[in-house]
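Every value quoted in this text rests on a predicted model; they were computed, and no experiment measured them. The figures that follow rest on heavy atoms only: side chains count, while hydrogens, waters and symmetry mates do not.
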Amino acid sequence: MDLHESASIRDFRAEAREWLRAHVPAEPLPSLETGEGFAAHRKWEAELAAARWSVVSWPEEYGGRGVDIFHWLAFEEEYWAAGAPGRVSQNGINLLAPTLFDHATEEQRARVLPSMATGEVVWAQAWSEPEAGSDLASLKSRAVRTDGGWLLSGQKTWSSRAAFADRAFGIFRTDPEAPKPHQGLTYLMFDLRAPGVTVRPIGRLDGKPAFAELFLDRVFVPDADVIGEPGQGWRIAMSTTGNERGLMLRSPGRFLAAADRLVRLWHEQGDPGDTALRDRVADAVIGARAYELFTAAGAARFAGGATIGAESSLNKVFWSEFDIALHETALDLLGPDGELADGEWAEGHVFSLAGPIYAGTNEIQRDIIAERLLGLPKGRR
Amino acid sequence: MGFLLTDEQRDFGRSLDAMLTAADTPAAIRARAGGDAGPARALWARLAEAGVFALAVPEEYEGMGPLPVETAVAFEELGRHAAPGPFAETVASAALLSALAEAGTDAPAKRLLPALAAGETVATLCAGPGPYAADADLADVVLVVDGDRLLLAPGHGAVRESADPARRLARPEEGGELLAAGPAVVAAAERARRWAALATAAQCLGLGRALLDRTVAYTKQRTQFGVPVGSFQAVRHRLADVLIGLEFARPLLHGAALTMTDADVAAAKVTAGEAAYAAARAALQLHGAIGYTEELDLSLWLRKARPLRDTWGTPAECRAIVLAAAPLRRHDDPHDGPLPKGVWGVTVPARSAP
Ligand SMILES: Cc1cc2nc3c(=O)[nH]c(=O)nc-3n(C[C@H](O)[C@H](O)[C@H](O)COP(=O)(O)OP(=O)(O)OC[C@H]3O[C@@H](n4cnc5c(N)ncnc54)[C@H](O)[C@@H]3O)c2cc1C
């Protein structure tokens, strides 16, 4: 057991740091949940990609550097510490890409991954439906066989950044006669600008159009855009939800950087006599360190060949609740200024509030933990 | 590179677990609570044979250490089995004496450490923050740090009960033989407190895990309304939260054992202490009234949770330590200054298992 950083990681870290120092925009980009911000973030993705920093853990042929998880963690730490912009391509990079690596054809990978790495094509996740949230397998949108492909019909919702994105990936019912709800589903990719697609932006809590509804009316998808075997959509989707809950979506670097900023804020304007608030600042430091080390143990297990399992649910509940606590502490420290909607912490706070809802609600994660990690009897669902 | 226990370390933990299971620790606690320290002393001898007390003692004094990671592994098992005895105080005494020896005062180490490593001497230590020496009545040696002086107490005052039936508290008697004096004592006492806090954090983790395991087992077999109570979501979710608390305390503990910095040890202590106490609260609640009886052995675990959480660093003290060390651990200005150390940046020599 050790915490050594190899020379290779140290060099990699130094190289990333050097590059970030020279390239991270001096002024924060506008919010990526707006049209203007989205465009600015897309340009940033292109800049990252040109220097091959956008997807460091991918194979080189798709624009990556082929580095292992320990290098990736070091990169993330540098990235967030440098105050670099949020990643507009994260749904594609964190969710679709792992799915493609595991289940797609060579041709699909070669076609989809490089333009994802550059931000030229930004992907949206189209899983949820108005009546299928936590009970995702009850989804009703259909894909019906047609010449050379499928026709999609139905409605998807809460699709993050779909208002500005280019393409989407999701699961559709292809066999309505299948005996169980999670059978007869197919995983496929489609164009958000294809005929038959209507995208209606939805304002999130603060009014920014962070997600959207998709109305689909006989949208054509060629066979080449089906991922894996038709009918296997559920299995394919579930094999990658671990990425969504786990550290790929929320690397520790992000929280370490946020905790550092919080400590700085405490030194600048904390009241030393307010021990209750002081304790919460300390808890933010401790929580970030706990998450960092928890991840280090997980990374060591992956490096040893383990796959992401139900443990990612521990991860999900932890980071989502931690993120809220951290931002609430910052707002309390800011006092009256915490209320200002354009404040440094305000957008982060709004975003953090959604953490326990997306990527599988925390209630669902606790069910998974109870059943799969503690072996408790199944409850009524 | 890997932040995981080695096979040897895991085997060591497993063998202690098996030994402690066979040793019937609940009976030893009940005997101790009733005034018979025999079983606790017998257990001490077996733990010594397994090498537990040699872990903090350097090789030149017939120990195997210092081995903080193995100490954490061992103490997790002591906590899991709620073993009675001044364990944290003994390893802290060893840490104190060896720190003094490193600083040039080796007479006390030569005199006390070999017997301590062998388990022949049970030591306890009063080095703040509290005024009590734990289990002084069970100990052969009571060490006292008074400012910059280290004393061998002549004895102890009235023995008072602890909220934990396995434990007794007493104030050391004043005076006694002066073993060492000077700034080295202050530094050695700091190291002792770190070891005590680490060992206590590890006990908390084991204690919490045992409480969780027992409660999971109980809620699977206890039925109400025709179904196991463990199938009710309020129950399941509470236990899931207990697991999350413990699973995020574990890496802090192991990280602290590797770095042994004040802040890392304090972070581990507060987190493991709170997680264990939350486990105890959930365990009591989910056992219902049977959990609130002293007859059930569960009570022996329940009653340890609060004292362990608060001894060798209360949550407030630990948080203050963390924050005092936090000032911009990484980088003042992210665009300038040295490379951030990060988790991998800590350089610690690889250690072998005992
Ligand atoms: C900011 C944000 C971004 C999102 N981005 C995307 C995206 O890009 N793509 C996408 O497909 N989806 C996205 N989602 C949708 C998200 O995945 C769903 O909101 C989530 O799965 C929950 O579904 P629901 O909102 O329908 O809640 P419901 O399932 O209706 O749940 C309502 C409440 O009931 C609780 N509940 C439900 N079932 C149970 C149960 N069995 N036990 C206990 N409690 C239960 C839930 O936990 C929740 O608290 C996003 C959501 C948010 C908030």
Side-chain angles (χ1 to χ4, degrees), chain A residues 1-6 9-10 13-14 17 21 24 70 73-74 77-78 81-83 252 256-257 260 263-264 266-267 275 278-279 281-283 285-287 289-297 299-301 303-304 314 317-318 363 365-367 369-371 373-380, chain B residues 1-6 9 69 212 216 219-220 227-228 230-233 235-237 239-241 243-244 247-252 254-255 258-259 263-264 267 270-271 315-316 318-320 322-323 326-331 334-336 339-351:
Chain A
M1 171 173 211
D2 68 46
L3 288 171
H4 287 288
E5 183 156 278
S6 68
I9 292 178
R10 266 200 306 279
R13 189 188 271 290
R17 177 163 240 243
R21 179 209 303 250
V24 168
F70 301 108
L73 283 167
E77 204 176 317
E78 292 302 323
L256 290 165
D260 269 3
V263 170
R264 204 166 306 149
W266 166 256
H267 285 294
T275 51
R278 186 200 64 197
D279 281 357
V281 176
D283 281 342
V285 174
I286 294 169
R289 177 76 171 154
Y291 190 58
E292 175 187 33
L293 292 169
F294 184 86
T295 304
R301 273 192 292 273
L314 296 172
V317 178
F318 183 86
E363 285 74 25
Q365 304 312 311
R366 287 187 171 94
D367 270 343
I369 293 167
E371 272 161 40
L373 298 178
L374 292 176
L376 284 162
K378 270 199 190 309
R380 240 160 39 116
Chain B
M1 177 159 82
F3 185 58
L4 292 175
L5 294 178
T6 62
Q9 287 161 341
V69 175
L212 175 62
V216 165
T219 57
K220 277 159 91 164
V227 291
S231 66
F232 297 127
Q233 205 170 47
V235 172
R236 290 145 50 91
H237 286 193
L239 291 171
D241 281 338
L243 181 68
I244 293 169
E247 286 306 307
F248 280 88
R250 176 181 304 283
L252 284 174
H254 290 162
L258 285 175
T259 68
D264 279 352
V270 57
T271 308
C318 290
R319 289 186 171 108
V322 168
L323 201 51
L328 318 176
R329 177 166 67 92
R330 253 143 256 273
H331 19 221
H335 292 271
D336 237 336
L339 279 179
K341 273 175 98 190
V343 59
W344 311 111
V346 184
T347 315
V348 219
R351 297 176 195 282

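In this structure, no portion of B:V227 lies under 4.5 Å from any heavy atom of chain A. Of the atoms belonging to B:F248, heavy atoms from both backbone and side chain fall under 4.5 Å from chain A.
Between the side chain of B:R236 and the backbone N or O of A:P377, at least one donor-acceptor pair lies under 3.5 Å.
Between A:R289 and A:V285 there is no side-chain heavy-atom pair separated by less than 4.5 Å. Put simply, the side chain of A:L256 does not reach to within 4.5 Å of the side chain of A:Y291, judged on heavy atoms. Between A:R13 and A:E77 there is a side-chain heavy-atom pair separated by less than 4.5 Å.
Among B:V235, B:V270, B:D241, the residue making the largest number of heavy-atom pairs under 4.5 Å with chain A is B:D241. Looking only at heavy-atom pairs under 4.5 Å with chain A, the residue among B:T271, B:L239, B:T219 that has the most is B:L239.
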